[in-house]
2 protein chains.
Amino acid sequence: MNTTTETKRARTTPATAQVLGAALNLFTEQGYFNTSIPDIVKASSVSTGSIYHYFRDKEGIARSLYNSLVERMEQHFSEIESTHATAHDRCRAVIDLLFQLTEQEPAVMRFMLFSRHREFILDQKPVCSSRPFVQMREMVAVGMKQGEIREITPIVAASSVFGGSLRLIQLRLDGILDAPLPEYLDEIWQCSWRSVAL
Amino acid sequence: MNTTTETKRARTTPATAQVLGAALNLFTEQGYFNTSIPDIVKASSVSTGSIYHYFRDKEGIARSLYNSLVERMEQHFSEIESTHATAHDRCRAVIDLLFQLTEQEPAVMRFMLFSRHREFILDQKPVCSSRPFVQMREMVAVGMKQGEIREITPIVAASSVFGGSLRLIQLRLDGILDAPLPEYLDEIWQCSWRSVAL
DNA sequence: GTCTATATCCAGATAGAC
DNA sequence: GTCTATCTGGATATAGAC
C-alpha cells in the first residue's frame, strides 16, 4: 500500500524501524547531542553504512522520527474530532489520550513534547505550531463559537484548558508524580473545564 | 559583602559576568550543544584561557548560570511570600512576575524553564524539583489548608493554577503570541483561579 | 543493501609565556 | 589572571568490498 506519491519519507523496512526505535530511546534518555551514531549502531544492531544509506545524516533520523510521530498524533486527534461532537468531549478525549500515551509510551511523549527539536532539526517550526497543537486550539475555538466556552481570547482559553494537563504530563515524565496519570484525569479535567465554562 | 562562607560559586568579576551573559544568549539562541567555546570567546571578548580559569569546563558555565538564575528566582518568590498574605494574591503575583520577566529578559526565562538542563548539567534534578517550583506548589498547598482552594490533590491544584500561564509563556517565547504577556494576565488569572476556587 | 575500515574535522581542554 | 598556540579524542560521514 501507499506505493504511489511517496512523501519523501523513508520507507519502513525492518532495519529503519529498528534504527528509529533505538534512536527514540536514546534521544529521550540521553538527549540528541549525547547520542552518537556508534551508540545507535549498537542499540539498533544496524551498521553505520546502512544507517547512512537510509537516512541522509543524523539529523535525518530525528526528522523522520519527528514527522512520523506528529502524523500519528494528527490522526489520533482527527479520530477524536470525528467521534466526539462537543468541545467539552473532544478536549477531554484529547487529554485522556495524552495521559494514556504518556503511560504506555513515555519516550514518544518525551520526544514530541519536551525535546528542543529546533536545536537539532533545521528549519523546524516550534512544536506549538505543529498540526496537532493547532487542532487542539481549534477544538477550543469551535467550542467558544458554539457557546460552550466563555468568550475570552481564544489562545488564553486553549492554554487554560490544556495547560494543567500538559503540566501534569511533564511532572509525570520528570518523576515527580508517582501515580499513573489516568488517576488524575477526572480531577484535572474538572479544574480545566471550570476555568473556561460559562 | 558576602566575602565569608563563599558557596563554591565563582566570584563575580567583569570577565565572568561577560562570559555568563554571552553564554546565556548563545545557549538560548542556538542551544548548549550548538554553542562552542570559541563561540563564547568571540561573543564575550574573553579568551579561552580565562574562561577555563574561571569555570572548570563548559558544563561549569552552564551550571553557574543555572544556579544564579534559580537563586534569583527563589529570592523573588520569597519576597512575594512575605508581601502577600493569601494564596490568591501570592499566586497571582508569581504569574505577574513571570510574565514581566518573560518580556524583559526572555533569555532568562527560556534558559530557566525550557532548556533541558539534565542533558548538559550532570547530576541535575529536573527544574520542576527546584526550589522555586517547590515554593509555587507550597503557596497552593497553604491556600488549600486555609480554605481558599478546593480540597483536591495538591499537585493537581498547583498544575491547574500555574499550567495555563506557563503555557502562555512558552507560546510567547515561541513567537506564537504577538502581544506582550501582561495583556493576558487578567484573563488567564481569572481562568486559573476559577479552576481551583471554592 | 549491508558491512568494515577509514578519513576528516573540530570540539573541548591544556601548556606555558607574559 | 590573561592570553595564544597547540594537543587529542571522538564525532560525523565516506569509501569501497561484498
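Both backbone and side-chain heavy atoms feed into the values below; hydrogens, waters and symmetry mates do not. In what follows, chains are A, B, ... by sequence order, proteins preceding strands, each numbered from 1.
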Identify the pairs formed between an N or O of the protein and an N or O of nucleotides 8-12 of chain D at a distance under 3.5 Å, and give each distance.
residue, atom, partner, partner atom, Å
D:dT12, OP1, A:Lys58, NZ, 2.9
D:dT12, OP2, A:Ile37, N, 2.8

I'd like to check the salt bridge (Lys or Arg N to Asp or Glu O under 4.0 Å) partners of [X]; sequence neighbours left out, ordered by chain and number.
X	value
B:Glu59	B:Arg63
A:Arg118	none
B:Arg150	none
A:Glu105	A:Arg72

>> Listing request: all side chain to side chain donor-acceptor pair (under 3.5 Å) pairs with a residue in residues 122-140 of chain A, at least two apart in sequence or in separate chains.
In response: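 Listed by first then second residue: A:Ser78-A:Gln135.
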
Grab the [atom1]-[atom2] distance between [X] and [N] for me, whole Å please.
X	N	atom1	atom2	answer
B:Ile40	C:dA13	CD1	P	11 Å
A:Asn34	C:dA11	CG	C1'	14 Å
B:Arg56	C:dG12	CZ	C1'	15 Å
B:Phe55	D:dG1	CZ	C1'	14 Å

Please write out each protein N/O paired with an N/O of nucleotides 2-4 of chain C under 3.5 Å, distance rounded to 0.1 Å.
residue, atom, partner, partner atom, Å
C:dT2, OP2, A:Tyr54, OH, 2.4
C:dC3, OP2, A:Ser47, N, 3.1
C:dC3, OP2, A:Ser47, OG, 2.8
C:dC3, OP2, A:Ser50, OG, 3.0
C:dC3, O5', A:Ser47, OG, 3.3

> Through what angle, rounded to 10 degrees, does the axis of the helix from C:dG1-D:dC18 to C:dC18-D:dG1 turn between its ends, using five pairs per end?
Replying inline: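 End-to-end axis angle: 0°.
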
Side chains of residues 154-169 of chain B: which donor-acceptor partners sit under 3.5 Å, not counting sequence neighbours?
residue, atom, partner, partner atom, Å
B:Ser159, OG, B:Ile155, O, 2.9
B:Ser160, OG, B:Ser195, OG, 2.8
B:Arg167, NH1, B:Gln170, OE1, 3.3

>> Among residues at least two apart in sequence or on other chains, which ones pass side-chain hydrogen bond (donor to acceptor under 3.5 Å, both in side chains) with A:Arg116?
In response: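 Not a single residue meets the side-chain hydrogen bond (donor to acceptor under 3.5 Å, both in side chains) criterion with A:Arg116.
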
> Which pairs count as ring-ring contact (aromatic ring centres under 6.0 Å, His included) when at least one residue sits in residues 119-161 of chain A, sequence neighbours excluded?
Replying inline: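 Counting only pairs at least two positions apart or across chains, the ring-ring contact (aromatic ring centres under 6.0 Å, His included) contacts touching residues 119-161 of chain A are A:Tyr32-A:Phe120.
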
>> Which residues pass the side-chain contact (heavy atoms from CB on, under 4.5 Å) test with B:Ala141, not counting sequence neighbours?
In response: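 Applying side-chain contact (heavy atoms from CB on, under 4.5 Å) to B:Ala141 gives none.
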
> Any side-chain heavy atom of A:Arg110 sitting closer than 4.5 Å to one from A:Ser115?
Replying inline: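 No, their side chains stay 4.5 Å or more apart.
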
